[in-house]
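Heads up, the thing below is written out as structure tokens.
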Amino acid sequence: MSNIIERVDYFSCGYCKNKLGVMFKNSKNEKKLSGIINFPAGVFLIKHREIGYVLYDTGYGIDILKNNFKYFLYRAPNPIVLKKEDLISEQLLKRGINQNEIRYVILSHLHPDHIGDVKKFQNAKIIITEDCYENYKNSRLKDLIFKEFLPKYFEERVEVIKEYKKLKDFPVKVNDLFGDGSLYLASINGHSRGQGCLLVKEKNLFIAADVCWGVDLMKYTERMRTLPKLVQDNFRDYEKGIDILEKIQKEKIDVVVSHDSEERIKKILYEENN
Ligand SMILES: [Zn+2]
């Protein structure tokens, strides 16, 4: 196997809190779903040996904490915990990586906890799926696309990925982003239209945005309560997305999602993959 991807790193860039019992109904046979879980805004840094650094999402940006009514409504159901040092730009600097070294930013979708810090990466091209771009062009309030978090040059700099092809032993069509078989982008609906999910082939890793909020929570999907169902763009598609993730897992590929626990992702990346 080729060796194009040097490494994949993970950063937790702020988190929000949510009650498990508010998200899913309890079942009689299982122990009660209770307690508060933290959902980190996960960011992945991929080092491609030829292209350089590719960032997958950018986590929260500091502006989401501003005293603004729209942001207040967004924060009310999921209180956000975020400090300046949690920002991806700050965490990269601490590792000695300058913001200008990031060549590409793949935005999985345009929710605030994924695009928050994107303005800092001014040298990067932005990659999104075609459905995500269409959603941006025709967004409704419910789509939660806070356009002010995107850089002014977004439309000139964005690379919209339109063609997806079948890949052997993989259940969803993909685009070979750099034509070298290292990073494949899939477009998956449900939580939001056309979420860009990334297969890092050499690392046997699939980064699946918000296809669900936690791989460990996939088993509760059919017990999701009405309100969290309404937050999804389309719940039927959401269920199909879960099926896709299960099929990918059957191919012995590790699936992680953006809001998985830090422990789960680090275990997969640092004990199994890198
Ligand atoms: Zn989202």
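These values consider heavy atoms only, across backbone and side chains, with no hydrogens, waters or symmetry-generated copies. Numbering of ligands and ligand atoms starts at 1, following listing order.
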May I ask you to check if K266 and Y10 form a cation-pi contact, with NZ or CZ under 6.0 angstrom from the six-membered ring centre and within 45° of the axis?
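No cation-pi geometry.
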
Report yes or no: is the cationic atom of K229 (NZ for Lys, CZ for Arg) under 6.0 Å from the centre of the six-membered ring of F235, at an angle within 45° of the ring normal?
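Positive - K229 is close enough to the ring of F235 and near enough to its axis.
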
Under a 4.5 Å cut-off applied to non-hydrogen side-chain atoms, are K165 and K173 in contact?
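Answer no - side chains too far apart.
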
I want to check something: taking the side chain as every heavy atom from C-beta on, are Y136 and L150 in contact at a cut-off of under 4.5 Å?
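Yes, side chains in contact.
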
Restricting to N, O or S atoms, which atom of H111 is closest to the Zn ion (ligand 1)?
ND1

Could you tell me whether the Zn ion (ligand 1) has an N, O or S atom of H191 under 2.8 Å away?
yes

Heteroatom test (N, O or S) for D210 near the Zn ion (ligand 1), limit 2.8 Å
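A backbone or side-chain N, O or S atom of D210 is under 2.8 Å from the Zn ion (ligand 1).
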
